[in-house]
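Working notes, beginning with the structure itself.
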Amino acid sequence: MSESEPKIVAFCCNYCAFAAADLAGAMRIQYPPNVRIVRLPCTGKVDPLLLMKAFEQGADGVFVAGCLEGECHFLEGNLRAKKRVAYVKRLLEEVNIEPERLEMFNLSSADGPIFAEIVEEMTKRVKPLGPTYIGKKVK
Ligand code: FES
């Protein structure tokens, strides 16, 4: 990863987004290599501390990708994640960090091309913002 590329951390549900990322790879779809995927059993595991920790550890952008609404394998995990992402966006704003650095997406396991588009979108969105003032330099 080059120094000028923003570091993106993706918290992905095992059943949908992680499978979609895997599919994107199998389909040989090109997307920016600056994303680090954290595989979760469900996005319901994402809590505000985890999201803030990602920024503290040097992420320039973070996204949470879960199953489509109504299709979470744990019923409401993705809905809880959506609320937590909205909450952390407000926290980021309060500490003068652009809330658009954080986003929630919903997709299915067949959405390999969409996963690639999400990574492209987050990279384009975060790149002009530069690094956050709290981020440590991590590799
Ligand atoms: Fe995918 Fe809950 S199982 S978001």
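Order of listing sets the numbers, starting from 1, for every ligand and every atom in it. Bear in mind the structure is a predicted one, so any value in this text is a computation, not a measurement.
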*Residue list, side-chain contact (heavy atoms from CB on, under 4.5 Å) with Glu76, at least two apart or on another chain*: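 Applying side-chain contact (heavy atoms from CB on, under 4.5 Å) to Glu76 gives Leu79, Arg80.
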
_Residues that Pro32 engages under side-chain contact (heavy atoms from CB on, under 4.5 Å), provided they are two or more places apart_ =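 With sequence neighbours excluded, Pro32 shows a side-chain contact (heavy atoms from CB on, under 4.5 Å) to Asn34, Val119, Glu120, Thr123, given in chain and number order.
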
*Donor-acceptor pair, Asp60 side chain versus Lys127 backbone, under 3.5 Å?*
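Between the backbone of Lys127 and the side chain of Asp60 there is no qualifying donor-acceptor contact (under 3.5 Å).
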
*Is there a donor-acceptor pair under 3.5 Å between the side chain of Arg84 and the backbone N or O of Lys45?*
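Not at all, since once roles are kept as given, no pair shorter than 3.5 Å links the two residues.
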
If you look only at distance, which donor and acceptor atoms sit under 3.5 Å apart when one is on a side chain in residues 102-109 and the other is two or more places apart or in another chain?
| residue | atom | partner | partner atom | Å |
| --- | --- | --- | --- | --- |
| Glu103 | OE1 | Lys89 | NZ | 3.4 |
| Glu103 | OE1 | Arg125 | NH1 | 2.8 |
| Asn106 | ND2 | Cys67 | O | 2.7 |
| Ser108 | OG | Ala110 | N | 3.2 |
| Ser108 | OG | Asp111 | OD2 | 3.4 |

*Can we say Lys53 and Glu56 salt-bridge, meaning some charged N sits less than 4.0 Å from an Asp/Glu carboxylate O?*
yes

*Count up the protein N, O or S atoms sitting under 2.8 Å from atom 2 (Fe) of ligand 1, would you?*
2

